[in-house]
Amino acid sequence: MSGVIPKPIGISCHSKNETNEDNQQMEIPKTFDPKSVEEKWYAWWMENGFFRSIPDDREPYTIVIPPPNVTGVLHMGHMLNNTIQDVLIRRARMQGKNACWVPGTDHASIATEAKVVALLKEQGINKKDLSREEFLKHAWVWKEKYGGIILEQLKKLGASCDWDRTSFTMDEQLSEAVLDTFIDLHKKGYIYRGTRMVNWDPAALTAVSDEEVFMKEATSKLYYIKYKVEGTSDEWITIATTRPETILGDTAICVHPEDERYTKLVGKKALVPLIGRAVTIIADEYVDKEFGTGALKVTPAHDKNDYELGKKHKLESIDILNPDGTMSAAAQLYVGQDRFHCRKAIVKDLEEKGHITKVDEIKNSIGYSERTNVVIEPRLSPQWFVAMKEFSKPALKAVVEGEVNLIPDKFINTYKYWMENVQDWCISRQLWWGQRIPAWYDESGNFVVAKTEAEAKAEFAKKGSTGSIRQDEDVVDTWFSSWLWPITVFDPAAIRNGKANINADLKYYYPTNDLVTAPEILFFWVARMIIAGYEYVGDKPFSNVYLTGIVRDKQGRKMSKSLGNSPDPLGLIEKFGADGVRVGMLLCSPAGNDLPFDESMCEQGRNFSNKIWNAFRLVKGWTVDSSAAQPDVAKAAIDWFDAKFNQQLAEINDHYTKFRLSDALMATYKLVWDDFCAWYLELVKPEFVDGVSKPIDAITYAASAEFFERILKILHPFMPFISEELYHLLAERKGLDAMIVAKWPEAKSFDAKVISSFEMAQQAVTTIRMYRSQKQMSPKEVLELKVAGNPDNKFFPAIQKLANISSVEVVKENPENAYSFNAGSTNFFIPSSGSINIEEERERLEKDLAYNKGFLTSVQKKLANERFVANAKPEVIDSEKKKMSDAESKIKAIEAQLANL
RNA sequence: GGGAGCAUAGCUCAGCUGGUUCAGAGCAUCUGCCUUACAAGCAGAGGGUCACAGGUUCGAAUCCUGUUGCUCCCACCA
């Protein structure tokens, strides 16, 4: 622990009472340099344990990170996702909550195993030549060496995770929890073993879940192949298929029962070309009479629908493929050839023998493995499943009833649909990297589920089986471990100890508050976490799920490594600063919307950092004169900004509550850039006389510094580094007084009249500036200003200062020969030294008059409409009445001006 | 094939349960400024029949129906 606050870089730190030296401006660089600042503060936050969370009596605020693949490197999606989490966690921390953000990585069995296999191959080692133990040793070495780079990268972004809690889904304890879960669910009857048609990845040699298969549109050849009807000399039945090699596994031909073309053939047999196997011609309504020839070949071992047909008609199933996608002995021909080679070969042979009658081109979709990008093969194999139908019900209910909120809520529909049609979950994977399935087989193939070999033996012994036993070779699906993540990161023993005995951490942090993740994994991760949460803790794992969009390039393509269209996130941080990149990403990305990313967004963020930096340079350059009187303009400015700040803060808070982070950021941005910098600072800025800044009075200085501090606080969740740096540059801080734990400002009540009154002044200033620019007058040229009637004069000094007005004079009579305009409902006049163009003025005023008269008639018409008055709400009618009286007075004013010309 | 969602300035998006000082913001564009915090800036300005066609209503960007276009999810006719 070091309580020493790092020294600000590049500038000397003056206390506010110190006199300004002429060259001080020179000491502060003109632009903000993020790099050194970022390293310095991140290290300091770490050293002093600001990210650390331990249960105490504060309200917890918890986020568990969606664990990135341990093999992963930071990409733009992670940047967006983790920036959002950091914004939420930092604000919660400032609100005085015990903020806990748990980081970690996922072992990602298929992805990681593929990487390790590839690396071993480079070293000339073939996985097949290794034992399981040897392979795993290599894998762990790899993991220790290269894994988790991504977490280091997150630090560069400013992620304020509690790194002491870093978890890995294959940590010993977390793995044990996976086994506990498997055993428990098996005991409860949810987990079963069965032979099913699964998505087989012939490259990774494993089953993958439906979610890991992506479909690609393709143009395929549809081959028409004729089969001879058995016992005839020249009667044929023609089928159509895109996969001619699978005819070797045919066990039937199926036609529609009402298809007259084929009724007489049903029940007869046809001969599979080349091999001459006789298969029965059956009838089933599943067949589409219109497609192809209306006759379908049935290959139960290699097609999901055929498999179902096979079950229904009790057909034999012939598996003609080896696990690696080559033809098996059962195919009889082409044995050992790859499936795609075989396809070419068999087409050639069929053509030669005259079996191909036609070839069409059709569009269809083909499933590819998300992991290895090879064509998925439907394959029959024994696998482990979780029965989902009953099990998932609480998770459906939780979302539908709003126990768990999806943000944006448009995803509820999709979620509901999926959960209502949920399929059993195939959880076994034919891999080594992962939690090995705790099932054991005896010599006759019976199995028991048990945590250890000894327990398994004991189980078998009870059944009277005493021979040698072996453990299932497979591991569980990665999601079968990550669905426990919100539980096991806090209490890995929760599953075996049971709901009643969960530890203090889990009790304190669970349910977590918000989960920030991508919609793609809503089903296979989010939904399953909810299921596990209710099953094992009896409560939801989180209250809100913030779904981010996909980061795309300018052309709307998904950013991917293969396209090479993803900018290097660390390069962006290098170029624009972490704060700049964070702001850039968040400015235009409401929840659930895709983010078409462009570097210019980060540029805007960088510019914003710079703006804040320069505001600081201004304030820091002021010399305080404690004997100076506070000017009226400064006093008014302080009143206004205080009101404005509170008004905007309430809005910002509201945006946060609704998870509208880009809106919260935009409101913050405008408050800082427009209200604070462009208006407030300009108003209180001391005058320059003879090239030297006059000193500022103590009251105004103190107020400005305090405002600056408030500004920094609301900036901090978005821009942690610059806000921490300036917090320390603005004043000397002692001990662990830091921005990261500063108190989030309270939104106090404010006087709305001050704000509207200042709006009048702003309007006046803008109009006068426009007047100057139209007259091609220099801003330096001083003008006079007259005001008619009995105006609100609180902000006249403000107008005077910002519009370069020598004096604002209140007059009874409208002055002649003057440019006149309205701001609010006040009439202003700029007396003209020369002659004004009367025609031009008249035209301008008449246009204004016409608009207001038109507006008035429309309001009057509405108010005269009986049905409007009868049907509209009273407040609507009141506001219409107010509009009418406002318009009337405006019209009167313009008319007076016109009369004056 | 089934379902969901979207369509508002050049771009990215606000616009809550219908009410013309709501047609808005940021960026980009244009004009004028190197004004001692900031040219990564300052001061101004222009830009949209709210996809199209109907309908409900005193009143529609906002509700309903249809059309067109786009996106996503689910299924997969071999």
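Just so we're on the same page: letters track the sequence lines, and every chain starts at 1.
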| field | Set of residues satisfying salt bridge (charged side-chain N to carboxylate O under 4.0 Å, His left out) with respect to Asp674(A), sequence neighbours excluded | value | none
| said: Could you check whether Phe616(A) and Phe32(A) have their ring centres less than 6.0 Å apart? | reply: no
| Under 6.0 Å between the ring centres of Tyr819(A) and Tyr771(A)? | yes
Measuring only the [atom1] atom in each nucleotide, how far is [N] from [M]? A whole number of Å is fine.
N       : M       : atom1 : value
rA61(B) : rC50(B) : C1'   : 4 Å
rC42(B) : rA28(B) : P     : 11 Å
rG10(B) : rU56(B) : C1'   : 36 Å
rC64(B) : rA40(B) : P     : 49 Å
rA14(B) : rA23(B) : C1'   : 12 Å
rU35(B) : rG41(B) : C1'   : 11 Å
rU49(B) : rU20(B) : C1'   : 15 Å
rC63(B) : rG44(B) : C1'   : 40 Å

| query | Relative to each other, are the rings of Tyr656(A) and Phe718(A) parallel, tilted or perpendicular (30° and 60° limits)? | reply | parallel
| Neighbours of RNA chain B within residues 602-610 of chain A, by heavy-atom distance under 4.0 Å | Gln604(A), Arg606(A), Asn607(A), Asn610(A)
| field | Any residue of residues 293-309 of chain A with a heavy atom less than 4.0 Å from an atom of RNA chain B | value | Leu296(A), Asn305(A)
Using a heavy-atom cut-off of under 4.0 Å over every strand shown, decide if [X] touches base, sugar-phosphate, or nothing.
X         : answer
Lys670(A) : sugar-phosphate
Glu420(A) : nothing
Arg772(A) : nothing
Asp663(A) : nothing
Pro596(A) : sugar-phosphate

Between the protein and nucleotides 42-48 of chain B, list every N/O to N/O distance that falls short of 3.5 Å.
unit_1: rC42(B); atom_1: OP1; unit_2: Lys611(A); atom_2: NZ; d: 2.7
unit_1: rC42(B); atom_1: OP1; unit_2: Trp673(A); atom_2: NE1; d: 2.8
unit_1: rA43(B); atom_1: O3'; unit_2: Arg769(A); atom_2: NH1; d: 3.2
unit_1: rG44(B); atom_1: OP1; unit_2: Arg769(A); atom_2: NH1; d: 3.2

| field | Rounded distance (nearest 0.5 Å) linking atom CG of Asn614(A) with atom CG of Leu681(A) | value | 11.0 Å
Under 4.0 Å between a side-chain N/O of [X] and OP1 or OP2 of [N], yes or no?
X         : N       : answer
Lys620(A) : rA37(B) : no
Arg660(A) : rG15(B) : yes
Tyr669(A) : rA25(B) : no

Residue [X], side-chain heavy atoms: nucleotide from [options] that is nearest:
X         : options                   : answer
Thr242(A) : rA37(B), rG26(B), rA78(B) : rA78(B)
Phe688(A) : rA25(B), rU36(B), rC38(B) : rU36(B)
Asn593(A) : rA14(B), rA39(B), rA78(B) : rA14(B)
Asp288(A) : rC77(B), rU36(B), rA25(B) : rC77(B)

With [X], which residues qualify under side chain to side chain contact (heavy atoms under 4.5 Å, CB included), at least two apart?
X         : result
Glu682(A) : Lys685(A), Leu802(A)
Asp284(A) : Cys254(A), Tyr286(A), Leu309(A), Lys312(A), His313(A)
Ala527(A) : Tyr415(A), Trp418(A), Met419(A)
Pro378(A) : Met197(A), Arg243(A)

| note | Of all heavy-atom pairs linking Ala637(A) and Val684(A), the shortest is CB-CG1, 3.9 Å
Can you check the [X] [atom1] to [N] [atom2] distance for me, whole Å?
X         : N       : atom1 : atom2 : result
Leu248(A) : rA78(B) : CG    : C1'   : 16 Å
Lys221(A) : rA78(B) : NZ    : C1'   : 18 Å
Asp594(A) : rC70(B) : CG    : C1'   : 13 Å
Leu587(A) : rA14(B) : CG    : C1'   : 14 Å
Phe291(A) : rA78(B) : CZ    : P     : 5 Å
Asn421(A) : rC73(B) : CG    : P     : 16 Å
Lys416(A) : rC73(B) : NZ    : C1'   : 15 Å

| message | Using O4'-C1'-N9-C4 for purines and O4'-C1'-N1-C2 for pyrimidines, with syn meaning within 90° of 0, is rG47(B) syn or anti? | response | syn
| request: Apply salt bridge (Lys or Arg N to Asp or Glu O under 4.0 Å) to Glu781(A) and Arg772(A), showing your working. | output: CA-CA 9 Å; Glu781(A) 201 170 318; Arg772(A) 271 212 184 78; over 6 Å; no
| Lys/Arg N to Asp/Glu carboxylate O, Arg339(A) vs Glu377(A), below 4.0 Å | yes
| query | Would you call Glu599(A) and Lys575(A) a salt bridge, taking side-chain N to carboxylate O under 4.0 Å as the test? | reply | yes
| task | List the steps, then state whether salt bridge (Lys or Arg N to Asp or Glu O under 4.0 Å) holds for Asp594(A) with Arg552(A). | result | CA-CA 7 Å; Asp594(A) 284 359; Arg552(A) 296 176 183 279; 2.6 Å; yes
| note | Output row for RNA chain B, stems defined as at least 3 consecutive Watson-Crick or G-U pairs under 3.5 Å, is B:1-7 with B:68-74, B:10-13 with B:24-27, B:29-33 with B:41-45, B:51-55 with B:63-67
Extract all donor-acceptor atom pairs below 3.5 Å that involve side chains of residues 220-227 of chain A and protein atoms in other chains or at least two apart in sequence.
unit_1: Ser220(A); atom_1: OG; unit_2: Asn364(A); atom_2: OD1; d: 2.7
unit_1: Tyr224(A); atom_1: OH; unit_2: Asp360(A); atom_2: OD2; d: 3.0
unit_1: Tyr227(A); atom_1: OH; unit_2: Asp250(A); atom_2: OD2; d: 2.4

| task | Might you confirm whether atom CD of Gln423(A) has over 12 heavy atoms from other residues, nucleotides or ligands at distances under 6.0 Å? | result | no
So which protein N/O to nucleotides 4-10 of chain B N/O distances come out below 3.5 Å?
unit_1: rA4(B); atom_1: O3'; unit_2: Asn413(A); atom_2: ND2; d: 3.4

| note | With sequence neighbours left out, the residues meeting side-chain hydrogen bond (donor to acceptor under 3.5 Å, both in side chains) with Asn607(A) are none
